[in-house]
Number of protein chains: 2
Amino acid sequence: MAAALDLFEEHGYDNTTVTGIAERAGLAKSTFFRHYADKREVLFDDDTLAALLVEGIGAAPEGATALDALAHAFDRTGRAVFTNDRREFSARRIAVIAAAPELQERDALKERGLIAAMVDALERRGVPDLTARVAAELGALAFRVAYERWGDPAARDDFDQVLRRALVDVRDAGALC
Amino acid sequence: MAAALDLFEEHGYDNTTVTGIAERAGLAKSTFFRHYADKREVLFDDDTLAALLVEGIGAAPEGATALDALAHAFDRTGRAVFTNDRREFSARRIAVIAAAPELQERDALKERGLIAAMVDALERRGVPDLTARVAAELGALAFRVAYERWGDPAARDDFDQVLRRALVDVRDAGALC
DNA sequence: TGCCTCGATGGGACTTGGTCTCATCACCCT
DNA sequence: AGGGTGATGAGACCAAGTCCCATCGAGGCA
């Protein structure tokens, strides 16, 4: 993954071959595809996030609203996954993805997966379907906003704080619609 | 596009080759790629939707809130693009996309594009950034819900009615978060 | 020590998506 | 009749992704 990120930065996604990535990492092309389903996946292989979110939503206090359950899950998840030593990496990753449509595509799909997982977890709490979908969508938006803000080198707060703040901002903005 | 939809239904997306699609349509492979940027794009080549939405948002009455502007745009757009004779086609298209991850990926990216266009149009009306993002996200959700409901063969209403209804539902659900 | 198993890797053949170039063909204009 | 022009066909070519088989190294075991 590190080799891929380097090469994508240096030559662009399109001008980087899987053979090149593997070579740089000291592996064969076939070994690359044994670890990643395809070239895009090399920047998206994290499944732990969804699992943690689902668990956190399930563990939220009984009477919490949908967005409160999300806030609870975010608090438990944020700092665990996005440690401060990954901040610089996140910024580089965001920049590379923003420059390659194929990576944006994968990013959008992964986000859909996250949203679907959140909707599932909310519905298991008894939240009605459409409410769950709206809440998950807003949660995902807050997450994206937080990820961008946190990736800023000038930012100093931990991810969970940034995320909580973003969720409040999104909720407030939603009240103005 | 018709040839592709047929073959995707019959053999699945993965087991359909571009050569096969072109053959069925009486064309050469190179001609296919002259019309569509890639194999996925054959089901997503519609740019008019975004343009109509942007225009509709710009034309909404001055004092309207963000979601009201979206509702206005939806009213002008709905029936123009999604005529009743395309209802069956939409249902087939949805089913094919749901069965192929690569198509879902493209679908997710196109939706992001639509959202970005709506955010732009809203910001040009003076709507603050985060409010615009929330509104566009909710609008996209309403759009997706409406597209699904409208594709149901049992549905009888025109698309713009279904869409308006979906937007109200989403707004109500948002109030419960 | 020698043998065996097993998971991870390397290597290479093969299919398909996608790009590019060149030739051809139909049509239109004068 | 001739010459431009835009759409198409044909095929070479590259890279992504699949598949199969050979190899290697780390234990486990007699």
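Note that the coordinates shown come from a computational prediction; the quantities given were computed from them, not determined experimentally.
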Handout entry: Distance, rounded to the nearest Å, where B:F32 contributes CZ and C:dC20 contributes P
Key = 17 Å
Practice task
Could I get the full list of side-chain contact (heavy atoms from CB on, under 4.5 Å) partners for B:H11, not counting sequence neighbours?
Solution key: B:L7, B:N15, B:T16
Problem - ILVMFWY network linking A:V81 to A:L53, side-chain heavy atoms under 4.5 angstrom - result: yes
Practice task
Rounded to the nearest angstrom, tell me the gap between atom CD in B:E102 and atom P in C:dG17.
Solution key: 9 Å
Handout entry: Length of the line joining A:F33:CZ and C:dG12:P, which is rounded to integer Å
Key = 17 Å
Problem - Donor-acceptor under 3.5 Å (B:K39 side chain, B:Y13 main chain) - result: yes
Fill in the blank from the handout: From CG of B:L27 across to P of C:dC25 the rounded distance in Å is 18 Å
Exercise for the section: Taking only the side-chain nitrogens and oxygens of A:S30, find out if one of them lies under 4.0 Å from OP1 or OP2 of C:dG10. Expected result: no
Practice task
Give me the ring orientation class for B:F159 and B:F82: parallel if the planes are under 30° apart, tilted from 30 to 60°, perpendicular past 60°.
Solution key: tilted
Handout entry: Interatomic distance, B:R34 CZ vs C:dC20 C1' [rounded to whole Å]
Key = 10 Å
Practice task
With sequence neighbours left out, write down each residue that passes side-chain contact (heavy atoms from CB on, under 4.5 Å) with A:A60, or none if nothing qualifies.
Solution key: A:A69, A:H72, A:R125
Exercise for the section: Nearest 0.5 Å please: distance from the CG atom of A:D75 over to the CG atom of A:L70. Expected result: 11.0 Å
Problem - Ionic contact status for A:R165 with A:D157, cut-off 4.0 Å - result: no
Completion exercise
Bounded by its outermost nucleotides with an atom under 4.0 Å from a heavy atom of chain B, the footprint on DNA chain D reads D:dT8 to D:dG11
Practice task
Find out if a path of hydrophobic residues (ILVMFWY) with successive side-chain heavy-atom gaps under 4.5 Å connects A:F89 to A:I97.
Solution key: yes
Exercise for the section: Strictly below 4.0 Å, heavy-atom distances to any atom of DNA chain D: list the hits from residues 4-25 of chain A, or just say none. Expected result: A:T16, A:T17, A:V18
Problem - Cluster check A:L27, A:F33: I/L/V/M/F/W/Y, side chain < 4.5 angstrom - result: no
Practice task
Would you mind listing every side-chain hydrogen bond (donor to acceptor under 3.5 Å, both in side chains) that reaches into residues 87-96 of chain B, with sequence neighbours excluded?
Solution key: B:D6-B:R92, B:E9-B:R92, B:N84-B:R87, B:S90-B:Y147, B:R93-B:Y147
Problem - Pairing of A:R133 and A:E123 as salt bridge, 4.0 angstrom limit - result: no
Problem - DNA chain D contacts made by residues 35-44 of chain A, counting heavy atoms under 4.0 Å - result: A:A37, A:D38, A:K39, A:R40
